[in-house]
Amino acid sequence: FLDFSYSRRIRRPNYQMLNPFEIFVDNYSYSSGNPVLKPQLANQLEIKYRYKKYFGLGFQQGFYSDVIFQITETNDKVFLTRPENVAKGSISAFIFNAMIPVAGWWNINVSGNVYRMKLTGNTNNGKLEQEAFSVRGSILNQFTLGAGWNAEINGYYNGKDISGQRIIDPRYRINTGIQKKIWKGKGSVRATIEDIFYSWKQQDVTNNLVNAVSYNINRADTRRLSLAFTYSFGKDNNAKKRSLNENSAADEKSRVD
């Protein structure tokens, strides 16, 4: 089926964005909020086409005003970062997803988008112009191994991105998990490993500074091993059971969003 939609949204700054007090980061860096921030407005048009459960394709066009970004200024060899309404922008994106039944025990879910972002505006450091053409995508392999065993391998790639003054390098992550159902399906034991290769680190460069360029590397504790046991009490004749695959797909979506 074919679907058309139009939305107009407003994004209001949260409390932390409005907090004017400076927070010490290190001897050369401070951050703060901005109590005079205005809401960010967005207008978005979307066209989507889906063929059964196997294939989907879409196009999004968004226009934004009073875009809120973290902006860094230099003041006597000190970097001060705070949110500002700095620009108007646009995003054009082609979106696709597909479910590929490779075999009775193996399904592949592919999703991604190809997009172009553009920002134009002004900061205290001068005119801001940023543009990027990039891709994002994920591949989820789901395996039904029999005897109550299920497994999956999920890979996600985030291409070059822009965020205000920052240009963010591409990055990727690979997760895997296995689950065993026990006690006639009432219980399950699950093991997962996130970011196997410890590759999900953010590297970016901040431009549009006065007599300076800032390079940053942000490496969080993204490689994790987890073990979980679940047990369902009572009858579940009409209850929808959530599988390992559904849980992991939802977790990955929340991280990406």
Side-chain angles (χ1 to χ4, degrees), residues 1 3 48-58 60 93-115 134-159 161 168-203 218-257:
F1 65 89
D3 180 63
K48 295 187 294 184
Y49 170 77
R50 172 164 289 279
Y51 177 72
K52 297 182 179 180
K53 64 178 181 178
Y54 297 107
F55 178 75
L57 186 66
Q60 291 180 345
F94 287 96
I95 303 168
F96 63 90
N97 57 77
M99 194 278 284
I100 306 171
V102 180
W105 52 273
W106 179 15
N107 286 328
I108 298 178
N109 290 276
V110 181
S111 64
N113 61 69
V114 180
Y115 63 93
S134 191
V135 297
R136 291 183 182 180
S138 66
I139 300 177
L140 174 62
N141 293 271
Q142 302 172 322
F143 306 98
T144 303
L145 305 177
W149 287 94
N150 294 283
E152 69 175 30
I153 299 176
N154 183 27
Y156 179 74
Y157 175 79
N158 192 2
D161 207 350
I168 304 170
D169 289 347
R171 49 184 170 160
Y172 74 95
R173 68 190 299 156
I174 296 177
N175 308 324
T176 188
I178 189 168
Q179 175 179 276
K180 167 65 175 173
K181 291 186 177 181
I182 57 177
W183 298 332
K184 298 181 179 180
K186 300 283 286 184
S188 66
V189 179
R190 183 171 65 249
T192 58
I193 304 176
E194 298 183 42
D195 195 10
I196 298 174
F197 300 107
Y198 204 19
S199 55
W200 194 251
K201 62 179 180 180
Q202 179 173 307
Q203 299 184 108
N218 183 5
R219 185 188 291 273
D221 188 15
T222 54
R223 183 164 56 188
R224 305 185 185 97
L225 169 65
S226 62
L227 300 173
F229 168 77
T230 59
Y231 181 79
S232 300
F233 295 91
K235 297 181 179 180
D236 56 356
N237 294 333
N238 298 317
K240 182 179 179 182
K241 299 180 180 179
R242 300 184 64 192
S243 67
L244 166 70
N245 300 330
E246 291 172 327
N247 286 331
S248 299
D251 291 343
E252 185 64 25
K253 184 179 184 301
S254 67
R255 284 192 290 268
V256 174
D257 293 343

With sequence neighbours left out, what residues match Asp161 under salt bridge (Lys or Arg N to Asp or Glu O under 4.0 Å)?
-> Arg136

Whether over 12 other heavy atoms sit under 6.0 Å from [X] [atom1]:
X      : atom1 : result
Ile95  : CD1   : yes
Tyr198 : OH    : yes
Lys180 : NZ    : yes

Can you tell me if Lys186 uses its side chain to pair, donor with acceptor, with the backbone of Ser232 under 3.5 Å?
-> yes

Would a distance-only check, ignoring hydrogens and angles, find a side-chain to backbone donor-acceptor pair under 3.5 Å from Asp195 to Trp200?
-> yes

Quick check for you: to the nearest 0.5 Å, what is the distance between [X] atom [atom1] and [Y] atom [atom2]?
X      : Y      : atom1 : atom2 : result
Ser188 : Phe229 : OG    : CZ    : 7.5 Å
Thr144 : Asn107 : OG1   : CG    : 7.0 Å
Lys48  : Leu57  : NZ    : CG    : 12.0 Å
Lys52  : Met99  : NZ    : CE    : 11.5 Å
Asn150 : Lys181 : CG    : NZ    : 6.5 Å
Asn141 : Asn154 : CG    : CG    : 8.5 Å

Which residues pass the side-chain hydrogen bond (donor to acceptor under 3.5 Å, both in side chains) test with [X], sequence neighbours left out?
X      : result
Arg50  : Asn97
Trp149 : none
Ser134 : none
Thr176 : none

Where do [X] and [Y] come nearest, in terms of heavy atoms and distance?
X      : Y      : answer
Ser199 : Tyr172 : OG-O, 2.6 Å
Tyr115 : Ala93  : CB-CB, 3.7 Å
Leu145 : Ala151 : CD1-CB, 4.2 Å

What residues form a side chain to side chain contact (heavy atoms under 4.5 Å, CB included) with [X], not counting sequence neighbours?
X      : answer
Ile100 : Val102, Ile108, Val110
Gln202 : Arg166, Ile168, Arg171, Asp204, Asn218
Ala220 : Thr222

Got a sec, which residues hit ring-ring contact (aromatic ring centres under 6.0 Å, His included) with [X], two or more places apart in sequence or on another chain?
X      : value
Tyr51  : none
Trp105 : none
Phe94  : Phe59

Applying side-chain contact (heavy atoms from CB on, under 4.5 Å), run through Val189 and Ile182 and close with a yes or a no.
-> CA-CA 8 Å; Val189 179; Ile182 57 177; 4.1 Å; yes

